[in-house]
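Chain identifiers are assigned alphabetically (A, B, ...) following the order of the sequence lines, protein sequences preceding nucleic acid strands; residue numbering begins at 1 within each chain. In what follows, every heavy atom counts, from backbone to side chain, and hydrogens, waters and symmetry copies are set aside.
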Amino acid sequence: MFPATLCSVQLPPSFPKLTQQHKNFQTDSLTTHLVSNFNCPFELKQVHAHFIKTKTPLSTLTLSRVAMVCSSSPAFDYAHKMFRHVDNQEIVLWNSCLRSFAEGNSPIEAFRLLRRIRLVDLFPDTFTCSFAIKACSKLLALAEGRVIHALVEKLGFKSDLFLLNTIVHMYASCGAMEDACCLFTRMVERDVVTWNIMITQFTKLGDMGTARDLFDEMPMRSVRSWTAMIAGYVQCGKPKEATRLFIEMEEAGVEPNEVFHEMEERSVVSWSAMIGGLAIHGQAEEALRLFKRMSKIGIRPNGVTIIGLLLACSHMGLIDEGRKYFASMTKDYGIIPQIEHYGCMVDLLSRTGLLEEAHEFIKNMPIKPNSVVWGALLGGCKVHKNVKLGEEAIKHLQELDPLNDGYYVVLSNIYAEAGRWEDAARVRRLMRERGVKKTPGWSTMAVNGVVHEFVAGDGSHPNAQEIYEKWEELLHKLKAKGYVPNTSVVLLDMDENEKENVLYRHSEKLAVVFGLISTSPGTPLRIMKNLRVCEDCHAALKLISEISGRQIVLRDRNRFHSFMNGICSCKDYW
DNA sequence: GTCCCTACTT
């Protein structure tokens, strides 16, 4: 809130006017101080008064900073009246505020500012609308987006291509694909960005068919078009198609329709997407090979490229390579490691079982470790059964991310595996006390364009009876192949029979069985899971791929698993 | 001064 003085002051009818006529003006030290320290809206009037008194030209103040500081009401009104006299491009100042809000952490503030702009006699331009729509995209505020779209039409900006692209993107990112498509179809003029937006959205929906049709149809392609398609194939578990397209992109070269420097910038993204994609598909060697090729043709990696490399090493346990890349990022490429890089390194060390080293690494990091970093250590403690360090990690996680159920579950699991049932129960009690609930596991699978959802233990699927019957049949075959249910992954304190039943109702098993009975033989099955696949399901899926002769692609929270002929692409390291 | 792509852990 503002102090009453600022709120209640009535501006004089003739608002003090300052122009830029003082050419040889020398600022005194107080003015310099006021200018360089202006960061409080309460002070605007005082500063303004001082400027009038000392005949300081208002342009001495950085007006964009004033706008930023005073963008909230009621300082807004005062700043607006002040700007009116000094800057005939006042809207630009507010636009840059809108932009900061829309792109930063306060898109709601962008809406408030837009309302203030509309309330005074200021005319929004295409930029104003563009930033306001961007705020809608960020907040997934479809209703507000529609209002601003209407405003765009009303103000007569409806043929502005930049603006229309922003609106198409807003509709698409808010999930209103019909509106996005409708606008796309109606647009008289489209550029490569328009097409890229549509392609990207379809790839995000997993509809690679439509995305590909658009990609083939578009009159010209930019690096981003290729990147969107490649990333799309990676995300939906088709690394082969991604690689094929990547090679095609290299062979085709890219049309010079973006400034050269920018093109080079962008192509780092394609390479990084491809490297990261190969990494989460467990093709570490391929990812590292690609990186060598990229370096050879002179494309410099950025921070994201390095994350891809570290991920690749992490998913395959390539400890020495990981260390090497982490060291070289600063030494050879001048990239300062961010928290994400530290997260990858802790993950790499922890997974490999170098838990003490990982702990030391965390203690010596120059930036404050976040929950991801401690979570990575905790994950390693689970795999390598280290109760002591697990407890250390959870101590920090309770402070950093107390409501995240995943960490408690892992710790409880660590205790359970060590046979410390009382401690495991204590963790579960703690969760109850704090109101933290375990996220139920669910899997989804699309069959003939319909997305089927399976929740662990759930019997609500229309084909539940059939699924369970098929599972019983499959179970015999699995056991004949040597499958032994791994009940240790069931955290609940119950007898072995009950545990087995819980295990047999895991969502990914239900999904796979449903896939087997509802698709023709040989069809690959694609499943998404919200959590990480459990060890038992992983073992079962390997065998099912062998028995059924099907490829099963499972995208879990962490990475892709591609099961084929009894083997998983993660090589059981995950 | 504007629009679209890549990214850590559980």
Taking dT10(B), dC5(B), dT2(B) as options, the one with an atom nearest any side-chain atom of Phe127(A) is dT2(B)

Among Glu508(A), His281(A), His538(A), whose side-chain hydrogen bond (donor to acceptor under 3.5 Å, both in side chains) with His561(A) holds?
His538(A)

Checking all strands, does Thr200(A) fall into the base, sugar-phosphate, or nothing category for heavy-atom contacts under 4.0 angstrom?
sugar-phosphate

Interatomic distance where CD1 belongs to Ile335(A) and C1' belongs to dT6(B) [whole Å]:
14 Å

To the nearest Å, how far apart are Lys437(A) NZ and dT10(B) P?
24 Å

Dump the intermediate steps for salt bridge (Lys or Arg N to Asp or Glu O under 4.0 Å) on Asp320(A) and Lys324(A), then the final yes or no.
CA-CA 6 Å; Asp320(A) 294 331; Lys324(A) 195 185 79 188; over 6 Å; no

Apply salt bridge (Lys or Arg N to Asp or Glu O under 4.0 Å) to residues Lys134(A) and Glu103(A) and explain how you reach the verdict.
CA-CA 8 Å; Lys134(A) 204 168 175 181; Glu103(A) 288 176 354; 2.9 Å; yes

N/O (side chain, Asn196(A)) to phosphate O (OP1/OP2, dC3(B)) under 4.0 Å
no

Could you label the plane-to-plane angle of the Trp94(A) and Phe76(A) rings as parallel, tilted or perpendicular, counting under 30° as parallel and over 60° as perpendicular?
tilted

By the 4.0 Å heavy-atom rule, please label Asp125(A) as base, sugar-phosphate, or nothing.
base

Establish, with yes or no, whether the OP1 or OP2 oxygen of dT2(B) is under 4.0 angstrom from a side-chain nitrogen or oxygen of Lys134(A).
no

Within the 4.0 Å heavy-atom criterion, would you say Asp347(A) contacts the bases, only the backbone, or no part of the nucleic acid?
sugar-phosphate

What integer distance in Å separates Ile280(A):CD1 from dC8(B):P?
8 Å

Scan Leu397(A) against the nucleic acid and name what it touches under 4.0 Å (heavy atoms): base, sugar-phosphate only, or nothing.
nothing

What nucleotide, of dG1(B), dT6(B), dC3(B), holds the atom closest to the side chain of Ser130(A)?
dC3(B)

When rounded to whole Å, the CH2 to C1' distance for the pair Trp195(A) and dC5(B) reads 18 Å

Plane angle bin for Phe123(A) and Phe157(A) - parallel if under 30°, tilted between 30 and 60°, otherwise perpendicular:
perpendicular

Side chain of Glu340(A) (C-beta onward), nearest among dC8(B), dG1(B), dT6(B)
dC8(B)

Side-chain N,O (Gln201(A)) to OP1/OP2 (dC3(B)) below 4.0 Å:
no

Under 4.0 Å, heavy atoms only, any strand: does Phe131(A) hit a base, just the sugar-phosphate, or nothing?
sugar-phosphate

Using only atom types and a distance under 3.5 Å, with no angle test, would you say the side chain of His341(A) pairs donor to acceptor with the backbone of Gly303(A)?
yes

dG1(B) P sits how many Å from Leu63(A) CG, rounded?
15 Å

Evaluate the criterion side chain to side chain contact (heavy atoms under 4.5 Å, CB included) for residue pair Arg146(A) and Tyr171(A); output intermediate values, then yes/no.
CA-CA 9 Å; Arg146(A) 286 189 204 283; Tyr171(A) 280 129; 3.7 Å; yes

Of all the nucleotides listed (dC5(B), dC4(B), dT9(B)), which has the minimum atom distance to the side chain of Val193(A)?
dC4(B)

Mind calculating the distance between CG (Leu311(A)) and P (dT10(B)) to the nearest angstrom?
11 Å

Between dG1(B) (P) and Gln89(A) (CD): distance, integer Å:
11 Å

Considering only side-chain heavy atoms of Ala273(A), which listed nucleotide, dC5(B), dT6(B), dT2(B), is closest?
dT6(B)

Could you check which residues of residues 155-169 of chain A get a heavy atom under 4.0 Å from DNA chain B? Sort them by number, please.
Phe162(A), Asn165(A), Thr166(A), His169(A)

Nearest whole Å is fine: how far is dC5(B) P from Met249(A) CE?
17 Å

Step-by-step side chain to side chain contact (heavy atoms under 4.5 Å, CB included) determination, Phe246(A) to Trp226(A)
CA-CA 8 Å; Phe246(A) 186 82; Trp226(A) 291 92; over 6 Å; no

Proximal nucleotide (of dT6(B), dC8(B), dT10(B)) relative to the Ser272(A) side chain:
dT6(B)

Polar side-chain contact Arg557(A)-dT10(B) base: donor and acceptor under 3.5 Å:
yes

